[in-house]
There are 2 protein chains.
Amino acid sequence: MKIICTRDNLKKGLFIVSRIVGVGNPLQVLNNILLKTDQGRIKLSSTNLEIGVNTWVGGKIEQEGALTVPAKLINEYINNLPSDKVTLASKDNTTLSIESENYHTSIKGLSYEDFPLIPQVTDETFVKVDSAEFRNALAETIWASAANETQPEISGIFMAFEDDKVRIAATDRYRLAERTVQAMEAARGVKEVIIPSRTVTELYKILTIGKGEVEIYFSESQVLFKFDETELISRLIDGQYPDYRQIIPKGFKTTVDVDKNELVHALKAAALFAPDSNNVTVEVKPNDGITVAASSMAAGENMAKIKAKVTGDENAAVFNFRYLLDCLNNLPETTVELKMINDASPAAITPKGRDNYIYIVMPIKL
Amino acid sequence: MKIICTRDNLKKGLFIVSRIVGVGNPLQVLNNILLKTDQGRIKLSSTNLEIGVNTWVGGKIEQEGALTVPAKLINEYINNLPSDKVTLASKDNTTLSIESENYHTSIKGLSYEDFPLIPQVTDETFVKVDSAEFRNALAETIWASAANETQPEISGIFMAFEDDKVRIAATDRYRLAERTVQAMEAARGVKEVIIPSRTVTELYKILTIGKGEVEIYFSESQVLFKFDETELISRLIDGQYPDYRQIIPKGFKTTVDVDKNELVHALKAAALFAPDSNNVTVEVKPNDGITVAASSMAAGENMAKIKAKVTGDENAAVFNFRYLLDCLNNLPETTVELKMINDASPAAITPKGRDNYIYIVMPIKL
């Protein structure tokens, strides 16, 4: 293998593939990335056996070949390199030489034959979505999934495809985020899948790099996202996603229009006085606005009042402040609507003037 | 106690005193700061029993008094507060109420009587130095002290005062940094002290806040730095600082003028190939410049060449790359001089065109 390319192209490619690679994996090849000449370009690949990433970098191929090298080492080396032109060559089956002006390096690697096969998804494009729109939708949902993998279905992110709509949902049974995305054209069928959180987090990071369309492909147990010069392949989570739509209330007793940042400040102040319980009380009164309060034996107590437009009944409930902040911190709008029924029924947060997103949160019963 | 002040003044004061306070100290009062009315201002104090910090904040005193409250809690609360006017009042001997527009809070504290006494240093000013000059000098030295407190003398920072010069030194016996500072006037005597590293690090942080003069006071076993509205009091380390000046070579065989950033890049590249040993080889040849190289069985090998003006003999030695980077990363100059004798004698780094600083580093004998 012999390739000439720019440091900056290589750097961008390494950034994309390095993220999912470990450093201390006892199976050494899993700490490595695969470099391979591929139809006039350089293909970089990585995998953690659940997710695979391929990205292509432009360059001049002088000799075909392939090799794996430690991801962290080559990434840090290229990031630190002062000059822009880089020549990569395999010295033997397991050593990569990197030559650039004044810098001469050999990195010990492993044969490409040791690298795990990343599955191919050969089916036609299932649906296309705009990358910026899709990325915003992920930002508003993915943190709501269950951290605990003892419930594998809800540890993942749910996606339902039908006509030209993609519905993305995440829940941990105490809260739920749902966002609908307009696809660029109708999907090739109706489909519901559960995708591992880690995969969706990686996808989100990859989508920060540019703009364009994301093509989504499926095989029976795999999903492939194609964006720009990058492919992200992941297994799907097997199982039945809970029928979450039944818990979304049909109507509310109280609706509050409130400045998001004022609510965030009040919740953060209250949070300091709920160090163990996370419990804050949210009280809503027409003509009076919102009161956010918390207290604990050890810390003391706090109460903050926020002006807000309250429509409907007086209302109060206790919430985990983290659940409210998770949502508020991820919405771009400056005004949100808080909707309540009573102290035991699900409440909702929606961005003011946008109807493709809803966040449901259960109050805490004391 | 009842005080009215601005959030921003209080925030600045809390920032200064909070840094040395712990959070999980079983002696609860050591997690707290002391608020006290003091001659028309608010005095904030903290201590970790080795270091004490006092700072004064302007405000309107409506009622005299004192109280202690958890540092972390009040600091985070005030930082998050949206409005600027704050009223602090003791509700009883152990509870602080903080009132501001729309925000009403009570913080549980402890009586001021439980707070440890911070020693007073009542002697006259020993010497005055310019804060920016002093801070720069600390930046170039304090990281060179021994991390290990089994050698208490060299775990601290040495300061020698004589006439209008302050000599600051730090060493861990493998490397040494020495910087001389011009005082604003002659010191009131000759004095050599060892100051705990933590104290000097705190002083450095406090000096980032403003500009002006630093007054230094001594009692038998304490030092006091006074800057702006802040006092930092610390014990001194008892003991004899090693006579480090004898290890500074009188002359060198080789002097190299080199671009600091190029040398840093070359060292960082080599560092990747010295993951366990930290050993990099620095080779210097007239008409050829510097070569920095490293290799390891596991990672591979690297060699980088840097153009440099070499005066004197050809030379080579092995160094711990961290020791070289520590110095280079803390010098503001873009050109440095590297001076060598042979592979077993101390080498030196000095900033080009400045003679108040020297860094000595021992080569590694293989």
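Atom set for the values below is all heavy atoms of this structure, side chains included, hydrogens, waters and symmetry mates excluded. The chains referred to below are lettered A, B, ... by the order of the sequence lines, with proteins before strands, and numbering in each begins at 1.
- Chain A forms the most heavy-atom pairs under 4.5 Å with one residue out of Glu101(B), Lys307(B), Met297(B), and that residue is Met297(B).
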Verdict with supporting geometry, Trp143(B) and Cys327(B), side chain to side chain contact (heavy atoms under 4.5 Å, CB included): CA-CA 9 Å; Trp143(B) 39 265; Cys327(B) 171; 3.9 Å; yes
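- Thr37(A) and Glu64(A) share a donor-acceptor pair across their side chains, judged by distance under 3.5 Å alone.
- For chain B, no part of Ser295(A) is nearby; none of its heavy atoms comes within less than 4.5 Å.
- In summary, the side chains of Thr94(B) and Lys108(B) do not present any donor paired with an acceptor at a separation below 3.5 Å, with no hydrogens or angles considered.
- Neither the backbone nor the side chain of Ala293(A) comes within contact range of chain B; no heavy atoms are under 4.5 Å apart.
- The closest donor-acceptor contact from the side chain of Lys260(A) to the backbone of Leu331(A) lies under 3.5 Å.
- Counting heavy-atom pairs closer than 4.5 Å to chain A, the top-ranked of the candidates Leu73(B), Ile107(B), Val69(B) is Leu73(B).
- Chain B forms more heavy-atom pairs under 4.5 Å with one residue of Ser100(A), Pro82(A), Ala266(A) than with any other, namely Ala266(A).
- No donor-acceptor distance shorter than 3.5 angstrom exists from the side chain of Asn31(A) to the backbone of Pro70(A), with no hydrogens or angles considered.
- Of the listed residues (His265(B), Lys268(B), Glu76(B), Lys305(B)), the greatest number of heavy-atom pairs within a distance under 4.5 Å of chain A belongs to His265(B).
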